[in-house]
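Order of appearance sets the numbers: ligands from 1, and atoms from 1 within every ligand.
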Amino acid sequence: MKPAHPVTLQANARIRSELDFADQRDFEDAKRGFVGTIQDAYIPADAGGVSWSLKPYDFLSGNAPDTVNPSLWRMSQLNAIHGLFKVTDRVYQVRGFSLANVTIIEGDTGIIIVDPLQFTEHARAALALYREHRGNRPVVAVIYTHCHRDHYGGVRGVISPEDVHNGVAVIGPFGFTEGSFTESILAGVPMRRRALFQFGWSMEPGPMAHVDCGLGKAVGRGGDGFIPPTKLITQPTERHTIDGIEIEFQMTPGTEAPAEMNMHYPDLRALNLAENACQLMHNLCPLRGAKTRDALAWARYLDQALEVFVPNTDVLLVQHHWPVWGRERIAEYVAGQRDMYRYLHDQTLRLMSHGMTPKEIAAELMMPNKLSKQWFTRGYYGAVAHNVGAIYAHYLGPYDGNPANLNPLPPQSAAAKYVEYMGGSEAIIRRAQTDYDAGNFRWVVQALNHVVFADPANRPARELAADAFEQLGYQSESATWRNSYLLAARELRIRKSASAPGGVSISPDVVAVLPFGNFLEYLAIRVNGLKAQDLTAKFDWRVVDGKAVDVHRITVSNGALNHLPGTHGDRADAVVQTSRDQLPTLSAGRTALLAALDKNELHVTGDVQLFRKFLESLDEFDPMFNVVEP
Ligand SMILES: [Zn+2]
């Protein structure tokens with residue numbers, strides 16, 4: 001790792017002079033109502049080692065070092081504040097114990113847990129901290145604001161499936177389970193690899209490495225689970241009384257998550273805007289990848305909340321970061337958040353209508369001066385340049401409309417031609433060095449990417465590209481950009497990191513509630529099309545769950561797997577029978593399925609060889625596929 005380049009020093013100095021670092025209100029708010037915490041927020045992992053600890057982030061004190069954008073440094077310090085906080089009477093939050101916050105509402109007989117964090121250990125530790133200070137109140141309900149894992153994965157740390165059986169309500173927005181499945185299962189493999197870049201998971205903390213994730217300090221590690229909602233909120237607004245607490249739900253589908261909802265607690269004069277109004281500019285498409293989000297809907301729901309809820313609100317809380325107190329400030333905050341997404345949306349559409357394409361819009365679009373000076377609009381997680389691309393794609397898809405980009409050579413072939421046209425890799429590296437010295441880091445990584453894709457073994461190209469990526473990381477205000485750039489540098493220098501978190505199989509809890517049709521989708525995307533193109537087969541697959549039998553008919557033809565509930569009857573080539581309990585093991589993929597067939601754990605009657613041929617056509621995926629090299 002190299003120190004900050006003079007041009008990086010200048011860029012970071014500019015940020016320091018442009019923003020009002022004397023404004024300390026956010027630090028006061030982030031500490032307001034502090035009740036207590038545990039040392040360094042240290043949480044051991046059930047499987048051994050550390051689940052969560054802020055100790056390695058002790059370096060985050062004082063002024064920003066040269067290698068961190070000062071604005072991001074400020075957010076990194078705010079996200080290092082941890083503990084149990086009183087938000088208002090009956091409302092508490094544990095912050096800094098996980099990427100997200102858990103909100104705890106005291107009902108008449110027990111507590112309502114809003115968003116039980118990402119990992120079992122995090123949620124359990126947060127609940128224990130709360131109980132240490134507020135007494136051993138029972139959990140009477142769990143509410144998920146939305147279908148992202150950092151808000152529900154730790155649910156087993158606060159309730160068990162037996163608790164649900166005994167009457168603990170689990171409430172979520174309509175589409176919760178489907179939203180969670182589509183995001184984490186079908187596109188799960190590339191999403192997890194890309195998430196490594198977004199969150200900087202495998203990077204060590206340090207002023208030249210990981211400082212933050214924007215939404216919170218880090219991801220952490222631990223056990224996770226899935227308990228599906230027993231009650232869904234379906235109407236645009238719904239009012240319910242839960243353990244004496246009146247809650248008005250506002251559904252906000254298509255915003256930060258496909259299934260999400262805000263909540264107003266009128267008697268407590270508190271408004272919970274879920275993840276729709278965190279203390280930053282959010283993503284309209286995260287760097288890990290997702291279906292693009294609807295900026296217009298996002299702005300509209302915030303506008304409704306401003307009109308309907310804010311007049312009866314004294315404190316605004318969100319499921320990341322700290323609350324905002326005082327009606328005037330809340331109104332300014334919600335209006336500012338609304339205007340930010342509305343502005344991004346409308347201005348991108350305006351520039352699109354002038355014929356501009358995503359990269360051109362990104363270079364041109366500036367946020368209005370007053371709004372961009374507000375700390376809560378800064379791009380610690382999202383970024384203007386990336387969000388305009390997401391809005392463009394939301395309306396027009398990934399193609400920019402220029403036929404030169406309709407069918408370009410793929411990266412490796414194009415790279416070979418670029419290198420040839422540009423006079424060979426040595427000439428490119430020489431010129432790139434001059435541009436590096438001048439601080440043109442964006443161009444250096446763009447040009448050297450061709451050299452690395454043409455010849456991944458070219459050491460000098462990898463090193464110089466890594467140097468430039470590092471400087472881009474040091475300058476980034478967005479934590480997700482910083483993490484991406486710094487991991488790119490690291491993978492160019494030392495090849496792929498060995499510290500990939502987790503495997504590719506799905507959590508057993510998820511498989512346990514997964515509709516079998518979704519499991520078949522999971523298999524369908526593993527069919528190697530060309531390998532299977534001559535395979536024509538009809539299978540019935542029976543899933544036995546106690547006394548219930550769920551039968552699906554699978555048709556394989558032209559390398560495609562289609563399926564429907566029901567049976568092929570006597571036209572089935574083979575009938576497969578499994579128990580529901582086997583599915584978690586089988587979800588590991590081809591090897592597990594073939595092993596189960598060999599051991600007779602997959603009960604197959606009929607043409608067993610044909611079924612085996614089908615299993616043999618399935619691909620297995622490398623969760624650490626290459627990103628910065630071919
Ligand atoms: Zn979140």
Side-chain angles (χ1 to χ4, degrees), residues 30 52 75-76 78-79 82 93-104 113-120 122-123 126 142-155 157-158 172-173 175-177 179-180 182-184 188 191-192 194-196 198-201 212-222 224-226 229 252-263 272-291 293 298 301-302 316-323 337 341 376 379-383 387 390 478-480 483 501:
W52 182 264
M75 180 54 108
S76 309
L78 284 160
N79 280 336
H82 57 89
Q93 281 189 322
V94 176
R95 303 198 286 266
F97 275 40
S98 194
L99 186 70
N101 300 336
V102 54
T103 302
I104 300 167
I113 303 274
V114 180
D115 289 358
L117 306 177
Q118 179 146 6
F119 295 113
T120 312
H122 299 180
V142 170
I143 299 176
Y144 304 130
T145 60
H146 65 289
C147 59
H148 289 154
R149 231 176 65 163
D150 52 325
H151 299 262
Y152 68 79
V155 64
V158 295
F176 177 87
T177 304
S180 143
T182 44
E183 285 215 325
S184 65
M191 215 177 258
R192 268 186 289 269
R194 292 167 55 135
L196 278 182
Q198 170 169 343
F199 292 110
W201 238 316
D212 206 60
C213 286
L215 277 179
K217 185 49 64 204
V219 175
R221 49 187 283 270
D224 69 348
F226 185 83
T252 66
T255 53
E256 190 267 332
E260 186 148 358
M261 58 188 186
N262 297 330
M263 278 175 273
N272 185 337
L273 288 181
E275 197 168 325
N276 287 319
C278 292
Q279 299 269 4
L280 44 65
M281 175 186 288
H282 212 292
N283 277 312
L284 296 170
C285 186
L287 302 193
R288 66 167 158 84
K291 290 181 185 169
R293 298 163 182 173
W298 200 323
Y301 289 125
L302 287 175
L316 167 73
L317 55 148
V318 271
Q319 293 300 127
H320 290 269
H321 306 131
W322 52 94
Q337 290 270 339
Y341 296 113
F376 63 78
Y380 301 113
Y381 194 57
N387 278 343
S478 168
T480 60
N483 293 336

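- At least one N/O/S atom of Glu275, from backbone or side chain, sits under 2.8 Å from the Zn ion (ligand 1).
- With 2.8 Å as the limit, His146 does not count as an N, O or S neighbour of the Zn ion (ligand 1).
- Side-chain atoms of Asp115 do not come within 3.5 Å of backbone N or O of Ala274 as any donor-acceptor pair.
- With hydrogens and angles ignored, the 3.5 Å screen pairs a side-chain donor or acceptor of Arg194 with a backbone N or O of Arg288.
- Neither side chain, Gln319 nor His146, offers a donor N or O lying under 3.5 Å from an acceptor on the other.
- Centred on the Zn ion (ligand 1), the angle running from Asp150 (OD2) to His320 (NE2) is recorded as 90°, rounding to 10°.
- Checking side-chain atoms of Arg95 against main-chain N and O of Ala30 turns up a donor-acceptor pair under 3.5 Å.
- Distances from the Zn ion (ligand 1) show that His151 has an N/O/S atom below 2.8 Å.
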